[in-house]
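Taking it in order: structure first as C-alpha cells, then the write-up.
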Amino acid sequence: MTTYRVDELRLPDRHDIEQMMFRYAKAADMADIQTQLTCFHPDARVNFSGTWLEGHEALREAWKNAYTRYAQTSHAVTNISITFTGTDDAEAESLITAWHRGADGKEWTLHGRYIDTWYKSVEGWKMSTRVIVAAGAVGRDESTLTMMQRLMLSDGH
C-alpha cells in the first residue's frame, strides 16, 4: 500500500471517531451523563425517536429522565462506516443493539442504526448530529420509533 493510500484512509481520525462512539456507549451504560456530553458539540442536535433535542441541556434532561426509567442498559456499536466530507467533517453510520432493563424489571432491545455527523474542533472529534433509526425492537412498542425504510429489490419485489 502506498503512503498516499494510507494517508487517504485517515486512520488516526477514524480511530478517534470510533473511540468516541465506544465512549458514548459505555457512558450510556454507566449512566454517566457528563461523559456522554463530551461526545457532542455544545449545540449538537439529536433525534432519539422522532423528536429533535438541541444542545447539552436538552440532552442532559433527556438522559436524566431515561436513567430514572432504566435500571440497566447495554449498548453494542458495530459495523462503523465513516466518510470524510471535508478536512474537519465526517459522516458516520453504525449498527446499534441496545438492551434495556426498566426499573420495573421489564426488558426490551432496540436494533437499529446511529446516523451521525461529526466535526473536529480544537477539542477533537465530536458529534454535531445523531439520528437513531430502528430496524425493530423486541419487547417494546415500535410506534414511537423512527423506523428504517428498506429498499425493494431491483426486480420490484
Side-chain angles (χ1 to χ4, degrees), residues 10 13-33 35-86 88-103 106-121 124-157:
R10 298 183 61 175
D13 286 326
R14 285 180 193 286
H15 178 278
D16 291 349
I17 291 171
E18 289 172 354
Q19 291 305 305
M20 288 300 278
M21 289 180 170
F22 299 146
R23 179 181 190 166
Y24 170 83
K26 180 180 179 183
D29 294 338
M30 301 305 292
D32 182 352
I33 294 171
T35 298
Q36 280 182 284
L37 289 172
T38 67
C39 300
F40 293 87
H41 284 283
D43 59 350
R45 298 179 69 233
V46 179
N47 188 327
F48 287 117
S49 56
T51 303
W52 284 98
L53 301 173
E54 297 189 28
H56 278 191
E57 285 311 309
L59 290 171
R60 183 187 318 276
E61 288 305 310
W63 289 324
K64 279 172 52 176
N65 181 35
Y67 296 145
T68 61
R69 292 191 323 260
Y70 301 122
Q72 296 164 308
T73 63
S74 179
H75 290 72
V77 180
T78 63
N79 297 32
I80 298 170
S81 173
I82 301 168
T83 302
F84 293 97
T85 56
D88 298 322
D89 299 286
E91 296 174 348
E93 188 170 321
S94 55
L95 296 183
I96 177 69
T97 301
W99 169 84
H100 302 74
R101 177 178 288 143
K106 293 181 182 174
E107 297 180 8
W108 65 276
T109 303
L110 172 76
H111 302 280
R113 295 181 181 273
Y114 288 148
I115 301 171
D116 306 326
T117 60
W118 292 79
Y119 176 73
K120 185 178 182 182
S121 70
W125 287 100
K126 294 187 180 210
M127 277 181 269
S128 298
T129 63
R130 167 162 278 179
V131 176
I132 300 172
V133 292
V138 177
R140 176 191 166 145
D141 175 15
E142 294 179 348
S143 66
T144 62
L145 300 174
T146 302
M147 299 297 289
M148 274 192 283
Q149 300 300 310
R150 291 189 66 166
L151 299 175
M152 293 176 50
L153 297 175
S154 59
D155 66 358
H157 296 97

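Here the straight-line distance linking atom OG1 of T83 with atom CD of E91 works out to 6.5 Å at 0.5 Å rounding. To the nearest 0.5 Å, atom CG of residue D89 and atom NZ of residue K120 are 11.5 Å apart. Separating the CZ atom in R23 from the CG atom in D16 is a distance of 11.5 Å, to the nearest 0.5 Å. Atom SG in C39 sits 11.0 Å away from atom CD in Q19 (nearest 0.5 Å). Within the model, atoms CG of D116 and OG of S128 stand 9.5 Å from one another, a figure rounded to the nearest 0.5 Å. Taken from CH2 in W63 to CZ in F48, the straight-line distance is 5.5 Å, to the nearest 0.5 Å.
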Next item on the list: Evaluate side chain to side chain donor-acceptor pair (under 3.5 Å) for W99 paired with E107, printing each intermediate quantity in order.
Entry: CA-CA 7 Å; W99 169 84; E107 297 180 8; 3.2 Å; yes
Next item on the list: Given side chain to side chain donor-acceptor pair (under 3.5 Å), test S49 with T144 step by step and report yes or no.
Entry: CA-CA 6 Å; S49 56; T144 62; 5.3 Å; no
Next item on the list: Quick one: do I80 and F22 satisfy side-chain contact (heavy atoms from CB on, under 4.5 Å)? Show the steps, please.
Entry: CA-CA 11 Å; I80 298 170; F22 299 146; 3.8 Å; yes
Checklist line | side-chain contact (heavy atoms from CB on, under 4.5 Å) assessment of V46 paired with M127 | finding: CA-CA 9 Å; V46 179; M127 277 181 269; over 6 Å; no
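When every heavy atom of R113 is checked against every heavy atom of I96, the shortest pair comes out as N-CG2, 3.6 Å. Residues D32 and T35 come closest through the heavy atom pair OD2-OG1, 2.7 Å. Taking each heavy atom of V133 and M148 in turn, the nearest pair found is CG2-CG, 3.5 Å. Closest non-hydrogen pair, E142 versus M147, comes out as OE1-CE, 3.6 Å. Q36 approaches A27 most closely through the heavy-atom pair CG-CB, 3.5 Å. Minimum heavy-atom separation, A137 to L145: CB-CD1, 3.9 Å.
Side-chain contact between V77 and L95: absent, with no pair of heavy atoms (C-beta onward) separated by less than 4.5 Å. Inter-residue side-chain proximity for L37 and Y24 is flagged as unmet; no heavy-atom pair is nearer than 4.5 Å. Residues I132 and Y114 are in side-chain contact: their nearest non-hydrogen atoms beyond the backbone lie under 4.5 Å apart. Side-chain atoms of H41 and S121, non-hydrogen and from C-beta on, do get closer than 4.5 Å to each other. In this structure, the side chains of W52 and V131 come closer than 4.5 Å at one or more pairs of heavy atoms. T85 is not listed as a side-chain neighbour of W118, based on a closest heavy-atom distance of 4.5 Å or more. Looking at M21 and I17, their side chains come closer than 4.5 Å, going by heavy atoms from C-beta outward. K64 is listed as a side-chain neighbour of I33, based on a closest heavy-atom distance under 4.5 Å.
By the neighbour-count criterion of 12 heavy atoms within 6.0 Å, atom CE of M30 is sparsely surrounded, having that number or fewer from other residues, nucleotides or ligands. Within 6.0 Å of NE2 in H15 there are 12 or fewer heavy atoms belonging to other residues, nucleotides or ligands.
Side-chain atoms of T146 come within 3.5 Å of backbone N or O of G50 as a donor-acceptor pair. Looking at T117, its side chain does come within 3.5 Å of a backbone N or O of T129 through a donor-acceptor pair. Put simply, the side chain of H100 gets close to the backbone of A98: a donor and an acceptor are under 3.5 Å apart. Panel note: side chain D29, backbone H75; a donor-acceptor pair is recorded below 3.5 Å. Counting only distance, with no hydrogens or angles, the side chain of R14 and the backbone of I82 share a donor-acceptor pair below 3.5 Å. One N or O on the side chain of K126 and one on the backbone of T38 form a donor-acceptor pair closer than 3.5 Å.
Checking W125 against D13 by side-chain atom types alone, a donor-acceptor pair falls below 3.5 Å.
Taking the ring centroids of F40 and H56, they lie at or beyond the 6.0 Å cut-off.
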